Amino acid sequence: MKNTDRKKIALLSSKNPKSHAVMNELWTKLKEAHFILTPKNPDIVISIGGDGMLLSAFHKYEAIMDRVRFVGIHTGHLGFYTDYRDFEVDKLVENLKLDTGARVSYPILHVRVKMMNGREIVMRALNEATIKRLSKTMVADVFINKVPFERFRGDGISVSTPTGSTAYNKSLGGAVLHPTIEALQIAEVASLNNRVYRTLGSSIVVPKKDKIVIEPKHDDRYSVSIDNRTFVYDNIEQIEYQIDNSKIHFLATPSHTSFWNRVKDAFIGEVE
């Protein structure tokens, strides 16, 4: 049964010419298949480019995340969040025609930044949120589920989701978590560990029910990176991290790649 009736699709493309060519081809074929193409309140968002483009699509539509589904086409190197290659446009269109509304859902990160003047900023991250002090070594107290855990000294701290465990977290030596394990992971960025200063020195996996709180100890400027976006704030009192009540939903089609296949394709390749 065809399910194109009233299904609204938004297309987002990176700036490179190859992605634009794929978007134009896809636009034409979706129009011919009688889909509604609109950036306003879509049912499905198609990201064309790579993981960075998918992250941008997520943040563009995070306000309606509970009812939108995402699908990615990659036009360069293998993308972790993308299910289709640039030459599989016809395959995607056919799968969209047969779509029944099925979805695959992954947890995301809820971040609350509290300033010393009482201002609060709430954000969401698909991969990770990282805090760093701009001028000097960052000193911050880390609390896990209200337990004073450690006083951190180093360049910064990254908190990642299970899907984000394969991104910056992995480069920091963190573990890879399957997204069915709804947990967060704390990874240290260049921590100081010697006979005077001591941190745990390894990544920490925190269960869904626990809240992570980081309190910087100096009134200074800090960068807070949320996925591929970076913000600079003065005088942060604390930052809270926990699993968000909402999840990101991906289009479940025969081409949706399993998590472990994504990990293998991204980091290992074919096994001889």
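What's counted below: heavy atoms across the whole structure, side chains too, no hydrogens, waters or symmetry copies. Since we're looking at a predicted model, the values are computed, not measured.
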Between T230 and S225, a side-chain donor and acceptor under 3.5 Å: yes

N261 side chain near F259 side chain, heavy-atom distance below 4.5 Å: no

Side chain to side chain, Y84 and V71, heavy atoms closer than 4.5 Å: yes

I157-L200 co-clustered via ILVMFWY side chain contacts under 4.5 Å: yes

Common cluster, I144/F152, ILVMFWY with side-chain heavy-atom separation under 4.5 Å: yes

Gap separating the CD1 atom of I48 from the CG atom of L11, nearest 0.5 angstrom: 5.0 Å

Heavy-atom side-chain proximity of N16 to T75 below 4.5 angstrom: yes

same_hphob_cluster(V189, V224) at 4.5 Å side-chain heavy-atom cutoff: no

Donor-acceptor pair, side chain of H178 and main chain of T180, under 3.5 angstrom: yes

Straight-line distance of R124 CZ to D244 CG, nearest 0.5 Å: 4.5 Å

Stepwise side-chain hydrogen bond (donor to acceptor under 3.5 Å, both in side chains) check, D86 with H74: CA-CA 6 Å; D86 52 346; H74 62 80; over 6 Å; no

For F143 against P148, the heavy-atom pair lying closest together: CD2-CA, 3.6 Å

Residue N245 excluded, over 12 heavy atoms near CG under 6.0 Å: no

Within the 6.0 Å centroid threshold, strictly below: F250 and Y106: yes

CG-OG distance between L109 and S160, expressed to the nearest 0.5 angstrom: 8.5 Å

Distance-minimising heavy-atom pair for N169 and A175: ND2-O, 3.1 Å

Audit row: S56, N228, side-chain hydrogen bond (donor to acceptor under 3.5 Å, both in side chains) steps and yes/no: CA-CA 8 Å; S56 296; N228 57 352; 3.3 Å; yes

L54 vs L126 side-chain heavy atoms within contact, under 4.5 Å: yes

Donor-acceptor contact below 3.5 Å, side chain Y61 vs main chain P39: yes

Between T253 and D83: side-chain donor-acceptor atoms closer than 3.5 Å: no

Check: S135/D220 side-chain N/O donor and acceptor closer than 3.5 Å: yes

Minimum side-chain heavy-atom gap R103-H256 below 4.5 Å: no

V122 backbone acceptor or donor facing R112 side chain under 3.5 Å: no

Within-4.5 Å side-chain heavy-atom neighbours: V113 and M115: yes

side-chain hydrogen bond (donor to acceptor under 3.5 Å, both in side chains) assessment of Y168 paired with D227: CA-CA 9 Å; Y168 188 38; D227 294 331; over 6 Å; no

Salt bridge K97-E94, side-chain N to carboxylate O under 4.0 Å: yes

Side-chain donor or acceptor of N24 paired with backbone N/O of H20 under 3.5 Å: yes

Reported CG-to-CH2 distance for the pair D265 and W260, which is rounded to 0.5 angstrom: 13.5 Å

F267 atom CZ: more than 12 heavy-atom contacts under 6.0 Å: yes

I204 side chain reached by F149 side chain, heavy atoms, under 4.5 Å: yes

Validation row: L177, Q185 side chains within 4.5 angstrom (heavy atoms): yes

Minimum heavy-atom distance between A140 and P216, given as atom pair plus value: CB-CA, 3.9 Å

same_hphob_cluster(V111, I121) at 4.5 Å side-chain heavy-atom cutoff: yes

Distance in Å, I214 CD1 paired with E240 CD, rounded so as to fall on 0.5 Å steps: 11.0 Å

K60, NZ atom: more than 12 neighbouring heavy atoms under 6.0 Å: no

Whether over 12 other heavy atoms sit under 6.0 Å from R119 CZ: no

Check: D51 side chain, Y81 main-chain N or O, donor-acceptor pair, under 3.5 Å: yes

Salt bridge flag under 4.0 Å for residues D234 and R221: yes

Separation between CZ of R151 and CD of E215, rounded to the nearest 0.5 Å: 9.5 Å

Residue pair P207 / A183: nearest heavy atoms and the distance that separates them: CA-CB, 4.3 Å

V213 reachable from Y233 in the ILVMFWY side-chain graph, under 4.5 Å edges: no

Identified side chain to side chain contact (heavy atoms under 4.5 Å, CB included) counterpart of I46 within the set I73, V22, L251, L37: I73

Carboxylate-amine/guanidinium proximity below 4.0 Å for R69 and D43: no

Residues E128 and T161: side-chain donor-acceptor under 3.5 angstrom: no

Pair R153-N193, side-chain hydrogen bond (donor to acceptor under 3.5 Å, both in side chains): steps then yes or no: CA-CA 8 Å; R153 289 176 174 84; N193 281 288; over 6 Å; no

